[in-house]
There are 2 protein chains.
Amino acid sequence: MAHHNNGMTRDEKALMQALSRAISVVPRVLDADLQRDQQLPLTDYFALTYLSEAEGQRLRINEVATRLSMTISGATRTVNRLEALELVARERSASDGRGADVVLTDVGLKRLKAAWPSHRDSARRRVLDRLDANELAVLTKALNSIGAEPDDFDSTDCPPQS
Amino acid sequence: MAHHNNGMTRDEKALMQALSRAISVVPRVLDADLQRDQQLPLTDYFALTYLSEAEGQRLRINEVATRLSMTISGATRTVNRLEALELVARERSASDGRGADVVLTDVGLKRLKAAWPSHRDSARRRVLDRLDANELAVLTKALNSIGAEPDDFDSTDCPPQS
DNA sequence: GTGTTATAGTTGCCCAGTCAAGTAAATTCT
DNA sequence: AGAATTTACTTGACTGGGCAACTATAACAC
């Protein structure tokens, strides 16, 4: 019953619990808010946002993937969805014919502008309003420092047993 | 009210960005670590953990769902997976025949014990080692306060701390 | 008792996103 | 130049999990 010494402390356990709760809950509620108000999935909204901020309102697929923290194939499918709605267009890159630039369309920009207030309010209600300035700063720094590989050991081979 | 009439401040934007990155990345890396080392999905690992901590090592499906922050149907499927591996068993509840208790089996407990060091190390490497004591405390509190509905939610959601 | 409503789970259907394999253009090697 | 390799996606197969509809039991009304 008791904690073993080589385990986590109570505080560490509490953090991991809080983290896994937030990880499940936050994206769901933000997405639900946006879907309800704007019929736009959160991922697609973010993709539009990143495009709107990009030079020439265009990004390569892999840049979309990076910004969304998803795989390239995931980004491909996201762009497919947006393209079907004509919120973005694919343009074969002049400089590199292997892949396409994803370009924000006028419709896409309008859609983004229309969705923005809703997402902003949602983010305030669900997240921002509940944090004071200090928490905001610490949280931002802390969240940015977790997750990524400490130092890449990708060449890990198969575990002992087969 | 703040002094920005329309958008978010730079800091607020940075937070939302950090949050959405962490939300994508953290579960993926923790899950990948555990799958690689223990062939056990993170969700299933957490389910086993909650069962091991429960009175009589048993929980109703809906309690599993609550702890995992997922829907009841999601929890049903998680339990199905675990049951197929014989890590848990369903037992029709004596007191309420509508549903089942999910009981941790001996095999399940062994599996959990075997997986625990791996998950602990993973959590340290990916998360805990990168935070100092103050960050840990602030982050825990902050993460616990975000997400849930502001309007109509039970104050039981705000966890007391000792 | 019978009928009605509420509750606990399960199941069918769907969607987003991952991985691995495939394709096509670009780059490097010889 | 042509072959080999690397890069930049795309696609097929699959998985996890959500929603809504359904089943079975329980509880309440009469």
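Labels below follow one simple rule: chain letters A, B, ... track the order of the sequence lines, proteins then strands, and each chain is numbered from 1. Hydrogens, waters and symmetry mates play no part in the numbers below; they use all other heavy atoms, side chains included.
The outermost nucleotides of DNA chain C lying under 4.0 Å from heavy atoms of chain A, listed 5' to 3', are C:dA16 to C:dA26.
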A correct 5'-to-3' footprint of nucleotides 12-18 of chain D, with B, S and - meaning base, sugar-phosphate only and no protein heavy atom under 4.0 Å, is BB--SBB
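B:H119 and B:Y45 have tilted rings, their planes meeting at an angle from 30° to 60° on a 0 to 90° scale.
With no hydrogens or angles considered, a side-chain donor-acceptor pair links A:Y50 and B:Q17 at under 3.5 Å.
A salt bridge links A:E12 to B:R124: one of the charged nitrogens lies within less than 4.0 Å of a carboxylate oxygen. In summary, A:R36 and A:D33 engage in a salt bridge, as defined by a charged side-chain N under 4.0 Å from a carboxylate O.
Shown here are the side-chain hydrogen bond (donor to acceptor under 3.5 Å, both in side chains) partners of B:E83, two or more places apart in sequence or in another chain: B:R90. Residues satisfying the side-chain hydrogen bond (donor to acceptor under 3.5 Å, both in side chains) criterion with B:Q38, sequence neighbours excluded, are absent altogether.
Looking at heavy atoms from C-beta onward, B:R111 lies in side-chain contact with B:Q39 at the 4.5 angstrom threshold.
The distance from atom CZ of A:R98 to atom P of D:dA8 is 5 Å, rounded to the nearest whole Å. Between A:E63 atom CD and D:dA8 atom P there is a gap of 10 Å when expressed in whole angstrom units.
More than 12 heavy-atom neighbours from other residues, nucleotides or ligands sit within 6.0 angstrom of CG on B:N134. Other residues, nucleotides and ligands contribute more than 12 heavy atoms inside 6.0 Å of the CG atom of B:D132. Within 6.0 Å of CD on A:E86 lie no more than 12 heavy atoms contributed by other residues, nucleotides or ligands.
Each end of the helix from C:dG1-D:dC30 to C:dT30-D:dA1 gets its own axis, taken as the rotation carrying the C1' atoms of four end pairs onto the next four within a five-pair window, and the two axes meet at 10° to the nearest 10 degrees.
A side-chain donor-acceptor contact under 3.5 Å links B:R130 to the backbone of B:R125. Here the side chain of A:S24 pairs a donor or acceptor atom with the backbone of A:S20 at under 3.5 angstrom.
Among all heavy-atom pairs drawn from A:L51 and A:V102, the shortest one is CD2-O, 3.3 Å.
Within the nucleic acid shown, A:N80 has no heavy atom closer than 4.0 Å to any nucleic acid atom.
Shown for residues 52-62 of chain A: no residue has heavy atoms falling under 4.0 angstrom of DNA chain C.
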